[in-house]
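Here is the structure we will look at, set down as structure tokens.
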Number of protein chains: 2
Amino acid sequence: MAHTTRERLLDAGLEMLLQHGYNDLGIQALLQATGTPKGSFYHYFRSKEDFALQVIDRYMDEVHQGLDAALGDQSLPPLDRARRFFELSREKYRRDGYLGCMLGGLGQELSGINPTFAEKIEGCFGELTQRLSACLEEARQRGDIPLDSDPRELANLLLNCWEGAALRSRLWRDPTPLDQMLDFYFLAATRG
Amino acid sequence: MAHTTRERLLDAGLEMLLQHGYNDLGIQALLQATGTPKGSFYHYFRSKEDFALQVIDRYMDEVHQGLDAALGDQSLPPLDRARRFFELSREKYRRDGYLGCMLGGLGQELSGINPTFAEKIEGCFGELTQRLSACLEEARQRGDIPLDSDPRELANLLLNCWEGAALRSRLWRDPTPLDQMLDFYFLAATRG
DNA sequence: TTAAGAATAGACCGGTCAGTCTAGTGAGGT
DNA sequence: ACCTCACTAGACTGACCGGTCTATTCTTAA
């Protein structure tokens with residue numbers, strides 16, 4: 001299979017980037033963990049940066065799958081759909097050992113030193129808020145949140161607070177901050 | 001002056017750690033930026049890790065100064081005092097070029113790989129929430145927030161959401177996420 | 001004046017970094 | 001049978017990492 005080695009590297013990259021971040025992840029360690037010779041890595045990827053950017057793409061594939069599953073569930077009112085996405089994310093974090101969100105992690109680490117990553121990650125946040133704000137707009141039109149709410153702003157708010165809670169849950173290795181944040185936010189949002 | 005070199009290193013470390021994070025900050029670069037020979041650095045600090053931990057202490061000194069200034073202002077109701085602390089922080093971020101909060105930055109970068117830093121930073125967050133929750137408790141007793149609120153939980157919530165907003169403001173190089181988060185939080189907290 | 005210790009100075013160390021290079025392997029097409 | 005080319009394999013490069021070492025200078029007090 002032509003894609004096996006590349007897939008294996010991206011899979012391991014997903015895991016190792018989440019735990020180690022970018023600068024602390026050595027190519028050597030990645031190769032050792034996957035039993036890959038260096039030649040193969042540089043056959044598939046131009047550089048470490050190129051590799052990490054593709055790992056982020058893979059991460060976003062999972063994110064969009066979560067969004068599809070949650071926001072696409074027409075049996076739920078829109079606000080519950082939005083909340084469900086974050087609950088699915090929380091379950092993913094649990095499976096990973098509460099290491100938080102890769103976008104938040106790499107965003108913090110790299111946005112001060114590498115514009116390519118900064119733009120990439122802000123682009124990912126943009127995709128997320130785009131879909132969330134469409135969902136919140138639906139809630140607004142139904143009157144589930146005040147009619148004068150700004151869905152775009154509310155979506156950014158939701159995502160930003162989530163990222164903060166994810167950082168704290170990474171420190172605690174515990175989902176409590178995530179749950180408390182969701183309770184607080186969705187109660188407050190409905191009241192305007 | 002015996003402390004001049006050490007002070008100079010810590011000052012530069014404050015700035016450089018905020019921008020570069022830990023792993024991307026080279027001792028060499030720090031020495032070059034401050035015109036310090038290597039011998040001096042290792043005269044004052046046991047290691048790079050020891051240095052960074054002392055930089056965090058210095059950062060926390062500033063944080064506590066901000067807390068003193070804001071929470072100690074008895075002319076303001078307690079909720080305004082809490083908000084004022086974050087507004088002072090926002091002004092500090094502005095002066096730094098909106099690079100966010102060092103605790104959040106180092107927490108994200110290092111909590112997955114270095115338990116010493118993870119504990120250190122969680123300890124700092126603890127100090128912060130301790131003082132904030134005392135302030136919120138005062139607000140609760142005055143009835144400015146619902147009597148059945150949990151000040152400790154509200155303080156953690158406030159700090160966590162702030163850290164998320166700080167990350168986004170670092171990506172945007174812009175204070176908007178900070179302000180929107182404060183508006184949202186303090187409106188919601190008063191209503192319970 | 002001198003002894004002592006703090007602080008400066010930077011050459012140097014082993015190890016590791018991302019990335020390059022060349023050689024070899026193996027499967028598919030002709 | 002043979003050629004091609006994607007892929008594997010890992011030795012190697014030069015730069016840089018954090019940290020050590022020894023030598024020297026400066027400060028201060030006896």
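Every chain is numbered from 1 and lettered A, B, ... according to where its sequence line falls, protein lines coming before strand lines. All values below were derived from every heavy atom in this structure, side-chain atoms included, with hydrogens, water molecules and symmetry-related copies excluded.
In this structure, B:Glu7 places its CD atom 15 Å from C1' of C:dA7, rounding to the nearest Å. Summarising the geometry, the separation between CG on A:Leu31 and P on D:dT8 is reported as 12 Å, rounded to the nearest angstrom. Atom CD of A:Gln32 is separated from atom P of C:dT16 by 11 Å (rounded to the nearest Å). Rounded to whole Å, atom C1' of C:dA7 lies 13 Å from atom CZ of B:Phe45. The separation between B:His43 atom NE2 and D:dT24 atom C1' is 15 Å, rounded to whole Å. Across the protein-nucleic acid pair, B:Asp24 atom CG and D:dG18 atom C1' stand 15 Å apart, rounded to whole Å.
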Nucleotide by nucleotide, nucleotides 18-24 of chain C touches protein heavy atoms under 4.0 Å in the pattern (B base, S sugar-phosphate only, - none) BBB----

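A donor-acceptor pair under 3.5 Å is absent between the side-chain atoms of A:Arg152 and the main chain of A:Ser133, judged by distance alone. Using modelled atom types, one side-chain atom of B:Asn114 and one backbone atom of B:Phe117 make a donor-acceptor pair closer than 3.5 Å.
Between B:Phe184 and A:Tyr185, the distance from one ring center to the other falls under 6.0 angstrom.
Within the 4.0 Å cut-off from OP1 or OP2 of D:dT8, at least one side-chain nitrogen or oxygen of A:Thr5 is found.
Under 4.0 Å is where a charged nitrogen must lie from a carboxylate oxygen, and between A:Glu91 and A:Arg94 at least one such pair does.
The heavy-atom pair separating B:Leu79 from B:Ala139 by the smallest distance is CD1-CB, 3.8 Å.
Surrounding CD of B:Glu15 are at most 12 heavy atoms belonging to other residues, nucleotides or ligands under 6.0 Å away.
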